[in-house]
Visitor: 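Would you mind keeping the following structure in view while I ask a few things?
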Amino acid sequence: MKFVDEVRIFVKAGDGGNGAVSFRREKYIERGGPNGGDGGNGGSVVFVADPQLTTLLDYRYQQHHRARNGEHGMGSDCNGRAAEDMVLKVPVGTLVKDANTGELLVDLSETGQRWVAAKGGRGGLGNMNFATSTRQTPRFAQDGTKGEELTLRLELKLLADVGLLGFPNAGKSTFISRVSRARPKVADYPFTTLVPNLGMVQYKDGLSFVMADIPGIIEGASEGVGLGHQFLRHVERCKVLIHLIDMGAEGEGRAPLQDFNVLNAELGKYSPELASKPQVVAANKLDLPDAQARLEGFTEALRERGIRVYPVSCATGEGMQPLMDSVAEVLFTGRTEKLHVEIPAKAARAGKAKAKAAEKMAPARKVGAATAKAAEKKAPARKAGATAATKSATKKSAAAKKAVTKKAPARKAGAAAKTSAARKAGTAAAKKASTRKSVTGAAKKAAAKKAPARKSGTAPVKKSAAKKAVARKSGSSGKSAAKKASAATKRAPARKSGGGRS
């Protein structure tokens, strides 16, 4: 039988029947009243957990499920027949989710548990229900309501007490076939098991439990490598996990301790809750030649972590009873003392040293974090102070500019007044100079007129006097002396001409 653990289906409840509009019509009875009956209710869709089922194969090919509608009402006070509910049987442990939102609607984890997925519609009322003293002939009736419809997603999680984990070809199928009557496929190549297998283990004193064998998990399963994590949901309900280690594994990068670390890492990526469940570590295939040589190093490595290792051989049955005793003790009593061993002194010291180093590092980190927080708190205050200083400086500069702009017009006015006064003074001086020039010009003309009356003998005397004056002033030489000399020489010819005329 094919194993199917995930399907998508559509369910539709039945509609309610409509009420009837009818009146009583009989011989010798006049004006009979309304006698229309009510409609019947539609059928609902109900899920039931059946322990006899182990797969959702029935819903893989039939994905639409519709309940029947209720019958309509009839005359003579006859009501319609209600439809029967549609019962859908699913394996125990089925999760029902809304396909559109992914919301979990119900977990059918108990035998015989029932859940109504879609409720049927209610039947309508006939016209006989609407007759009153003032309305004796109602000619209307009520229609039935529609049934609910949903698109659901069914996921199966097998109900097992113990789960088997390990790499492909680690011996899980051989293990479950030895302790129970399950007969899964066993071969000498990886991924022989493609679907989960359940087996009932009969233990001592009439005790029994269910064991689940799932396909192997390899590194990168969280990214879809191999069969991925799609079958890990079947061991989520388990109380104990048996971790089978292949001590004879061959290949690149394969080692017992490496396989143990990889599988625990994949469990943590899938679900931290699943990774925290009790694990019984079993070193399998001790009947192989190289397994004994690897067992000592693997056992010592896990002993440093405080984990006990159970050496077994599923092929020969060696060491199976102590392993099953430990599994039963954890399962029925909850005690996990047998799964742990005392950590060696060296490993304990190393662990304490690491813990102390971590404690020493913690205060420094806290101090650094506190300093950073204090700096963050001070930063706004500094920013606020800088902002205030900047604002005050800006205000001062603006006030200074305003004062300068106010003083500037006064300065300009004073400079303009001074300039205008200087200009006026200049014009007055120019007027005086022109007056003086006019006076000197008139005096010169008068002198020129008097000059012809003088004798010509005075001209040589003036020339000699002029020469003496130039010689005296030449010692102190200057531009003023030269100018005066030149002026004297210019005046001499005028006087000569005046003397000549006389």
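As a basis for the values below, the full set of heavy atoms in this structure was taken, side chains included, without hydrogen atoms, waters or symmetry mates.
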Visitor: Other residues, nucleotides and ligands only: do more than 12 of their heavy atoms fall within 6.0 Å of CD on Glu273?
Guide: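 No, not enclosed.
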Visitor: Ignoring hydrogens and angles, state whether a donor on the side chain of Asp325 or Gln321 is under 3.5 Å from an acceptor on the partner side chain.
Guide: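 Yes.
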Visitor: With side-chain hydrogen bond (donor to acceptor under 3.5 Å, both in side chains) as the test, would you mind laying out the steps for Gln279 and Asn264 before giving the verdict?
Guide: CA-CA 10 Å; Gln279 285 190 16; Asn264 281 299; 2.9 Å; yes
Visitor: For residues Ser208 and Met200, determine if any side-chain heavy atom of one lies less than 4.5 Å from a side-chain heavy atom of the other.
Guide: yes
Visitor: What distance do Lys285 atom NZ and Ser313 atom OG have between them, rounded to the nearest 0.5 Å?
Guide: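 If we round to the nearest 0.5 Å, Lys285:NZ and Ser313:OG are 10.0 Å apart.
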Visitor: Please round to the nearest 0.5 Å and tell me the distance separating atom CG of Asn41 and atom CD of Glu71.
Guide: 12.0 Å
Visitor: Out of Arg305, Glu304, Glu300, which residue meets the side-chain contact (heavy atoms from CB on, under 4.5 Å) rule with Leu302?
Guide: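 Between Leu302 and the candidates, side-chain contact (heavy atoms from CB on, under 4.5 Å) is satisfied uniquely by Arg305.
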Visitor: Report, as yes or no, whether the 6.0 Å neighbourhood of atom CZ on Arg335 holds more than 12 heavy atoms from other residues, nucleotides or ligands.
Guide: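 It does not: Arg335 CZ has 12 such atoms or fewer within range.
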Visitor: Take a 6.0 Å sphere around CZ of Arg308 and say whether it holds more than 12 heavy atoms from other residues, nucleotides or ligands.
Guide: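 Counting neighbours around CZ of Arg308, more than 12 heavy atoms of other residues, nucleotides or ligands fall under 6.0 Å, so yes.
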Visitor: Got Leu244 and Leu165 here, is their nearest side-chain heavy-atom distance under 4.5 Å?
Guide: no
Visitor: State whether the number of non-hydrogen atoms from other residues, nucleotides or ligands found under 6.0 Å of Lys277 atom NZ is greater than 12.
Guide: yes
Visitor: Carefully, step by step, assess His72 and Met74 under the rule side-chain contact (heavy atoms from CB on, under 4.5 Å).
Guide: CA-CA 7 Å; His72 300 304; Met74 295 171 288; over 6 Å; no
Visitor: Quick one: does Ile307's side chain get under 4.5 Å of Phe260's, heavy atoms only?
Guide: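 Heavy-atom side-chain distance check passes, below 4.5 Å.
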Visitor: Are Met128 and Asp77 close enough that some pair of their side-chain heavy atoms sits under 4.5 Å apart?
Guide: yes
Visitor: OG of Ser109 to CZ of Arg237: how many Å apart, nearest 0.5 Å?
Guide: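 Spacing of OG (Ser109) from CZ (Arg237) equals 5.5 Å.
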Visitor: Does Arg294 have more than 12 heavy atoms from other residues, nucleotides or ligands lying within 6.0 Å of its CZ?
Guide: yes
Visitor: With sequence neighbours excluded, give me every ring-ring contact (aromatic ring centres under 6.0 Å, His included) pair touching residues 116-174.
Guide: Phe130-Phe140
Visitor: Does Lys119 pair with Glu148 as a salt bridge, N-O distance under 4.0 Å?
Guide: no
Visitor: Start with the C-alpha gap between Tyr310 and Val281, add the side-chain angles, then the distance that decides, and say whether side-chain contact (heavy atoms from CB on, under 4.5 Å) holds.
Guide: CA-CA 6 Å; Tyr310 291 87; Val281 181; 6.0 Å; no
Visitor: Over all heavy atoms of both residues, which pair between Ala117 and Leu152 is shortest? Give the atoms and the distance, please.
Guide: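 Smallest heavy-atom distance, with atoms named: CB-CD1, 4.1 Å.
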Visitor: For the CZ atom of Arg60 and the CG atom of Asp58, what is their distance to the nearest 0.5 Å?
Guide: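 It comes to 11.5 Å.
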Visitor: Going by an N to O cut-off under 4.0 Å, is there a salt bridge joining Lys97 and Glu103?
Guide: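 Salt bridge flag = no for Glu103 with Lys97.
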Visitor: Would you give the length of the straight line joining atom CD of Glu236 to atom CG of Leu158, rounded to the nearest 0.5 angstrom?
Guide: 11.5 Å
Visitor: Looking at Ser180 and Gly199, what are the two nearest heavy atoms and their distance?
Guide: OG-CA, 3.7 Å
Visitor: Under the side chain to side chain donor-acceptor pair (under 3.5 Å) rule, what pairs show up with a residue in residues 11-24, not counting sequence neighbours?
Guide: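 Only Lys12-Asp15, Ser22-Asn35, Arg24-Glu26 qualify under side chain to side chain donor-acceptor pair (under 3.5 Å).
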Visitor: Mind checking whether Tyr203 and Phe209 have parallel, tilted or perpendicular rings, split at 30° and 60°?
Guide: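 Tilted: the ring planes of Tyr203 and Phe209 meet at 30° to 60°.
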Visitor: Pairs in or reaching into residues 82-96: which pass side chain to side chain donor-acceptor pair (under 3.5 Å), with residues at least two apart or in two chains?
Guide: none
Visitor: Would you indicate whether the side-chain heavy atoms of Phe332 and Leu207 approach each other to under 4.5 Å?
Guide: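 They are in side-chain contact.
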Visitor: Using only heavy-atom distances, determine whether the side chains of Asp107 and Gln113 contain a donor-acceptor pair under 3.5 Å.
Guide: no
Visitor: For the residue pair Met247 and Leu288, establish whether any side-chain heavy-atom pair is separated by less than 4.5 Å.
Guide: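 A side-chain contact is absent here, since even the closest heavy-atom pair is not under 4.5 Å.
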Visitor: With heavy-atom distances below 4.5 Å as the criterion, would you say the side chains of Val210 and Val201 are in contact?
Guide: no
Visitor: State whether a side-chain donor-acceptor pair under 3.5 Å links Asn169 with Asp246.
Guide: no
Visitor: Does any part of the side chain of Leu108, heavy atoms only, come nearer than 4.5 Å to the side chain of Phe47, both counted from C-beta?
Guide: yes
Visitor: When rounded to the nearest 0.5 angstrom, what distance separates CG in Asp50 from CG in Leu88?
Guide: 12.0 Å
Visitor: Taking the six-membered ring where the residue is Trp, are the ring centres of His65 and Phe10 under 6.0 Å apart?
Guide: no
Visitor: Could you give me the CA-CA distance, side-chain angles and deciding distance for Asn129 and Asp38, then say whether side-chain contact (heavy atoms from CB on, under 4.5 Å) is met?
Guide: CA-CA 9 Å; Asn129 296 279; Asp38 302 336; 2.7 Å; yes
Visitor: Should Leu331 and Val162 be marked as a side-chain contact (heavy atoms from CB on, under 4.5 Å) after you check the CA-CA gap, both sets of side-chain angles, and the distance that decides it?
Guide: CA-CA 8 Å; Leu331 182 61; Val162 181; 4.2 Å; yes
